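To start, the structure itself, in C-alpha cells.
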Amino acid sequence: MSDSALRAFYLRYLRALNAHEFGGMDEFIDNRTTLNGEPATRDDLVSVQKHDVDAVPDLHWELKELLFDGDRLAARLVNTGTPVKEWLGVAPTGASFEIVEYAVYQVRDGRFVHMTALHDAGELRRQLTA
C-alpha cells in the first residue's frame, strides 16, 4: 500500500474505533495477528476493544501524528474518556483521563498483522484516582 492508501486505511480504522463499530473489524485486522508481541486473533482484539468501551463508553482516540515506513505505520494519539465501570483495576470516580498512546502497526494484504500500543498506565491511574 502507498503512504496515502495507508493513511486512508488508518483513518477509516480510527473512525470505526471512535464510532465503536467493532462488527466491521475484519476490514482492518487479519484473523491471525499479534498484539504487543503475543499471538492473537481478530476476535481477541475485538474483545479487548469491546471491554474497554464497555467500561469507558466515551473512549475516544485522536490522531496527532502518523508516520510510514513501507508496510509499517506509527501513530501518536491522545486517548480520552470517563470510566463508568472498574477499568484497569480502578473503580470509577467520575474522573476523566487524557493520555498519549504510541502505536505501531504492520499491514499485510490490507490488514493489520502486528499491533503494538504503549501508554503511560501510571499517569492514567493518577488521573483516575486524583
Side-chain angles (χ1 to χ4, degrees):
M1 294 174 93
S2 68
D3 288 359
S4 61
L6 277 172
R7 175 179 296 283
F9 168 79
Y10 192 72
L11 292 176
R12 283 194 320 275
Y13 172 67
L14 275 185
R15 278 193 298 276
L17 277 181
N18 284 323
H20 305 158
E21 295 173 349
F22 303 114
M25 286 295 138
D26 57 334
E27 176 185 349
F28 305 105
I29 304 169
D30 198 74
N31 190 42
R32 294 263 179 227
T33 185
T34 61
L35 177 59
N36 297 323
E38 298 296 322
T41 66
R42 179 185 319 113
D43 290 342
D44 295 333
L45 279 111
V46 169
S47 177
V48 168
Q49 293 168 336
K50 285 180 177 179
H51 175 272
D52 289 345
V53 168
D54 182 54
V56 188
D58 63 344
L59 186 57
H60 182 81
W61 295 263
E62 181 182 348
L63 181 64
K64 295 297 186 176
E65 288 183 89
L66 188 60
L67 304 171
F68 307 97
D69 182 19
D71 64 351
R72 295 182 184 271
L73 49 112
R76 182 174 64 87
L77 306 118
V78 172
N79 302 348
T80 57
T82 306
V84 298
K85 294 181 179 179
E86 183 173 315
W87 187 56
L88 303 175
V90 178
T93 63
S96 297
F97 66 88
E98 180 177 306
I99 58 166
V100 175
E101 175 184 346
Y102 296 95
V104 178
Y105 308 85
Q106 183 178 18
V107 177
R108 186 175 306 131
D109 298 325
R111 293 188 182 144
F112 296 126
V113 293
H114 299 290
M115 303 172 79
T116 301
L118 174 69
H119 64 268
D120 187 342
E123 175 62 15
L124 175 65
R125 282 194 174 90
R126 185 194 69 72
Q127 290 180 33
L128 293 179
T129 58

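Worth saying up front: this structure is predicted, and the values here are computed from it rather than measured. Computed from heavy atoms alone, side chains included, the values below leave out hydrogens, waters and symmetry copies.
Sorted by first and then second residue, the pairs that involve residues 39-96 and meet ring pair (Phe, Tyr, Trp, His ring centres under 6.0 Å), not counting sequence neighbours, are Trp87-Phe97. Listed by first and then second residue, the ring pair (Phe, Tyr, Trp, His ring centres under 6.0 Å) pairs involving residues 99-127 are Phe9-Phe112, Tyr10-Tyr105, Tyr13-Phe112, Tyr105-Phe112 (not counting sequence neighbours).
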Exercise for the section: Assess whether salt bridge (charged side-chain N to carboxylate O under 4.0 Å, His left out) is satisfied between Arg42 and Asp26, documenting all intermediate values. Expected result: CA-CA 7 Å; Arg42 179 185 319 113; Asp26 57 334; 5.4 Å; no
Handout entry: Stepwise side chain to side chain contact (heavy atoms under 4.5 Å, CB included) check, Thr41 with Arg32
Key = CA-CA 5 Å; Thr41 66; Arg32 294 263 179 227; 3.1 Å; yes
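Side chain of His20 to main chain of Leu59: a donor-acceptor pair is present (N/O by atom type, distance under 3.5 Å, no hydrogens or angles).
Heavy-atom neighbours of Asp69 CG from other residues, nucleotides or ligands within 6.0 Å: at or below the threshold of 12.
Under a hydrophobic-cluster definition in which Ile, Leu, Val, Met, Phe, Trp and Tyr are linked whenever side-chain heavy atoms come within less than 4.5 Å, directly or via other members, Val104 and Met115 are assigned to different clusters. Under the 4.5 Å side-chain heavy-atom criterion for grouping Ile, Leu, Val, Met, Phe, Trp and Tyr, Val46 is not connected to Val113 through any hydrophobic cluster. Both Leu63 and Met1 are members of a single hydrophobic cluster when ILVMFWY side chains are connected at heavy-atom separations under 4.5 Å. In terms of hydrophobic clustering, with Ile, Leu, Val, Met, Phe, Trp and Tyr side chains grouped at heavy-atom distances under 4.5 Å, Ile99 and Leu118 are assigned to different clusters. No continuous path of hydrophobic side-chain contacts links Phe28 to Val48 [ILVMFWY only; heavy atoms under 4.5 Å].
For Asp120, the side chain to side chain donor-acceptor pair (under 3.5 Å) test picks out no residue, with sequence neighbours left out. Scored by the side chain to side chain contact (heavy atoms under 4.5 Å, CB included) test, Thr93 finds Ala95 as partners (sequence neighbours excluded). Residues that satisfy the side chain to side chain contact (heavy atoms under 4.5 Å, CB included) test with Glu27, not counting sequence neighbours, are Arg12.
Under 3.5 Å, the side chains of Ser47 and Asp44 contain no donor-acceptor pair of N or O atoms.
Shortest non-hydrogen contact noted between Gly94 and Thr82 is O-CG2, 3.7 Å. In plain terms, the two heavy atoms of Gly81 and Val56 that are nearest each other are CA-CG1, 3.7 Å. The shortest non-hydrogen separation linking Glu86 to Pro92 is N-CD, 3.5 Å. Residues Ala117 and Glu101 share a closest heavy-atom pair of CB-OE2, 3.2 Å.
From Leu73, atom CG reaches atom CD of Gln106 across 10.0 Å, with rounding to the nearest 0.5 Å. Separation of atoms CZ (Arg72) and CG (Leu67) is listed at 14.0 Å; rounding is to 0.5 Å. Note that CZ of Phe22 and CD of Gln49 are 5.5 Å apart. Values are rounded to the nearest 0.5 Å.
Electrostatic pairing of Lys85 and Asp54 counts as a salt bridge here, judged by a charged N lying under 4.0 Å from a carboxylate O.
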Pairs of donor and acceptor atoms involving the side chains of residues 122-130, under 3.5 Å and at least two apart or interchain, shall be tabulated with distances.
from: Glu123; atom 1: OE1; to: Arg126; atom 2: NE; distance (Å): 3.0
from: Glu123; atom 1: OE2; to: Arg126; atom 2: NH2; distance (Å): 2.8
from: Glu123; atom 1: OE2; to: Gln127; atom 2: NE2; distance (Å): 2.8
from: Arg125; atom 1: NE; to: Leu88; atom 2: O; distance (Å): 3.3
from: Arg125; atom 1: NH2; to: Leu88; atom 2: O; distance (Å): 2.8
from: Gln127; atom 1: OE1; to: Glu98; atom 2: N; distance (Å): 2.7
from: Gln127; atom 1: NE2; to: Glu98; atom 2: O; distance (Å): 3.0
from: Thr129; atom 1: OG1; to: Arg125; atom 2: O; distance (Å): 2.8

